[in-house]
Amino acid sequence: MNFWLFKSETTTWSWDQQRAKGDAGEEWSGVRNYQARNFMRQMRIGDLGFFYLSQKEKAVVGVVQIIAEAHPDSTTDDERWECVDIKAVRTLATPVSLQQIKSDPRLSEMVLVTNSRLSVQPVTEDEWAVICSLGGDAPS
DNA sequence: GCCAACGTTGGC
DNA sequence: GCCAACGTTGGC
């Protein structure tokens, strides 16, 4: 089991929209960055991820699960781009802000901190547990 | 709204 | 294959 982080903006794709898709989930389409795509290729069904909102909220707000492994991105004919499907699993009791993440020494190596522009990124098991704890959630 | 960091493109 | 120019992202 691996852990990931998906970055979105409320104005583009909100947590409410993601949750409204229910167990059917939705394609994480539109990624046009090789590093991000390569991480998606490594994802397996059942892996968990955080849903992070950049720009306005700047906080981890929920947990998602991979429900389909990498496949062609339906929003382009360009064969280079692939995406996975994810579904919302639960909302964190308390959103974990970027400020909190940056100020916590246990999270200083997070990709969110060291490479803030990467939109799909890996999260270590330790980082996963810390953020779940800060969010008032059991780390499962 | 600004700007630093980063990725991509294209000329050589 | 290098690198300058350009575009985009995202925190502040």
Side-chain angles (χ1 to χ4, degrees):
Chain A
M1 154 96 69
N2 285 300
F3 301 100
W4 312 94
L5 182 145
F6 295 87
K7 196 185 293 182
S8 186
E9 291 172 44
T10 289
T11 51
T12 307
W13 184 249
S14 71
W15 180 234
D16 280 346
Q17 284 174 288
Q18 182 66 54
R19 280 191 306 170
K21 290 288 174 180
D23 287 345
E26 178 76 346
E27 269 193 335
W28 197 257
S29 57
V31 171
R32 301 291 181 266
N33 173 283
Y34 293 107
Q35 258 189 294
R37 182 207 61 189
N38 291 344
F39 285 129
M40 288 198 286
R41 284 180 172 173
Q42 294 173 31
M43 295 178 186
R44 296 296 170 254
I45 288 174
D47 281 1
L48 295 172
F50 286 129
F51 193 94
Y52 174 83
L53 292 168
S54 63
Q55 306 278 7
K56 187 163 170 281
E57 296 84 352
K58 291 191 290 278
V60 174
V61 296
V63 173
V64 298
Q65 187 166 35
I66 312 303
I67 56 171
E69 298 180 4
H71 57 80
D73 183 332
S74 70
T75 63
T76 177
D77 289 333
D78 193 329
E79 293 178 359
R80 289 176 299 172
W81 304 121
E82 299 175 6
C83 62
V84 296
D85 293 3
I86 63 172
K87 69 168 183 180
V89 174
R90 59 180 177 271
T91 303
L92 292 186
T94 316
V96 179
S97 70
L98 180 64
Q99 205 180 355
Q100 271 179 287
I101 291 170
K102 284 190 155 180
S103 62
D104 193 315
R106 294 170 297 175
L107 301 173
S108 62
E109 300 296 314
M110 263 195 91
V111 181
L112 200 62
V113 176
T114 60
N115 183 4
S116 62
R117 291 188 51 191
L118 189 59
S119 62
V120 176
Q121 40 181 275
V123 172
T124 69
E125 196 171 351
D126 289 345
E127 291 162 352
W128 183 267
V130 170
I131 290 182
C132 285
S133 165
L134 292 173
D137 206 43
S140 62

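None of these values were measured; they are calculated from a predicted model.
- Atom CD of A:Gln55 is separated from atom C1' of C:dT9 by 7 Å (rounded to the nearest Å).
- Across the protein-nucleic acid pair, A:Asn33 atom CG and B:dT9 atom P stand 11 Å apart, rounded to whole Å.
- Spacing between atom CH2 of A:Trp81 and atom P of B:dG7 amounts to 12 Å, rounded to whole angstrom units.
- Listed pair A:Tyr34 / B:dC6 fails the phosphate criterion, with no side-chain N or O lying under 4.0 Å from OP1 or OP2.
- The aromatic rings of A:Tyr34 and A:Trp81 are tilted relative to each other, their planes meeting at an angle between 30° and 60°.
- Atom CG of A:Asn115 is separated from atom C1' of B:dA5 by 9 Å (rounded to the nearest Å).
- Here the C1' atom of nucleotide B:dC6 and the CG atom of A:Leu112 are 15 Å apart, to the nearest Å.
- For the pair A:Arg80 and A:Arg117, nearest-nucleotide mapping onto DNA chain B gives the more 5' position to A:Arg117.
- Judged by distance alone, the side chain of A:Lys58 and the main-chain N or O of A:Gln99 form no donor-acceptor pair under 3.5 Å.
- The CG atom of A:Leu98 sits 12 Å away from the P atom of C:dG10 (whole-angstrom rounding).
- The residue A:Leu118 sits apart from the nucleic acid: no heavy atom pair falls under 4.0 Å.
- Between the NZ atom of A:Lys7 and the P atom of B:dC6 there is a distance of 12 Å, given to the nearest Å.
- In this structure, A:Lys56 reaches neither bases nor backbone, as no heavy-atom distance under 4.0 Å exists between it and the strands shown.
- Within 6.0 Å of CD in A:Glu9 there are more than 12 heavy atoms belonging to other residues, nucleotides or ligands.
- Side-chain N or O atoms of A:Thr94 include none that pairs as donor or acceptor with a backbone N or O of A:Gly136 at under 3.5 Å.
- Rounded to an integer number of Å, the gap from A:Arg32 CZ to B:dT8 P is 12 Å.
- Taking side-chain N and O atoms only, A:Gln35 has a distance below 4.0 Å to OP1 or OP2 of B:dG7.
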